[in-house]
Amino acid sequence: SGGQLTGPILPKEVWAKSPRPSKHTGQYWPYATTLFDYIRRAMPWQQPKSLTNDEVYALTAYILALNKIIDDGAGLDAGTLAKIRMPNREGFIIRFPDRI
């Protein structure tokens with residue numbers, strides 16, 4: 001089954017220490033452009049790559065708004081999408097200094 005689309009966004013210190021951290025879109029994904037690309041390539045699952053760019057932008061905006069990363073009704077395009085700072089951008093890769 002797929003991951004959740006929404007959920008609470010926790011500080012990375014709390015999220016990283018959880019025995020089963022949530023990997024929902026708002027918490028886990030480091031870049032909004034990655035979400036856009038995933039939707040563009042994989043959706044809808046019965047007919048991947050069949051959405052127009054406008055549909056992909058709209059769906060990406062909807063998911064980001066559900067996660068309270070952007071305002072409801074905010075429009076997205078290539079310029080605005082690239083400027084979105086995801087909550088876990090700096091915490092996606094957990095580095096362990098003693099294991100380098």
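No continuous path of ILVMFWY side-chain contacts below 4.5 Å connects Tyr31 to Phe36, so the two sit in separate hydrophobic clusters.
With rounding to the nearest 0.5 angstrom, the OG1 atom of Thr60 is 11.5 Å from the CD atom of Glu55. Here the straight-line distance linking atom CG of Leu81 with atom CG of Leu76 works out to 5.5 Å at 0.5 Å rounding. A distance of 6.0 Å separates CE of Met43 from CG of Leu59, quoted to the nearest 0.5 Å.
Not a single ring-ring contact (aromatic ring centres under 6.0 Å, His included) links Tyr62 to another residue, sequence neighbours left out.
Checked by atom type and distance alone, the side chain of Gln47 never pairs as donor or acceptor with a backbone atom of Pro44 at under 3.5 Å. Under the 3.5 Å distance criterion, the side-chain polar atoms of Tyr38 are left unmatched by any main-chain donor or acceptor of Thr33.
Between Asn53 and Arg40, the closest heavy-atom pair is OD1-CD, 3.9 Å. Shown here for Ala61 and Ile70, the closest heavy-atom pair between the two residues is O-CD1, 3.6 Å. In plain terms, the two heavy atoms of Arg41 and Pro48 that are nearest each other are O-CB, 3.4 Å. When all heavy atoms of Ile69 and Pro87 are compared, the closest pair comes out as CD1-CD, 3.8 Å.
Using modelled atom types, one finds a donor on one side chain and an acceptor on the other under 3.5 Å when comparing Asp77 with Thr80.
Met86 is listed as a side-chain neighbour of Leu64, based on a closest heavy-atom distance under 4.5 Å.
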Residue pair Ile39, Ile63: steps toward the side-chain contact (heavy atoms from CB on, under 4.5 Å) verdict: CA-CA 11 Å; Ile39 293 169; Ile63 293 170; 3.9 Å; yes
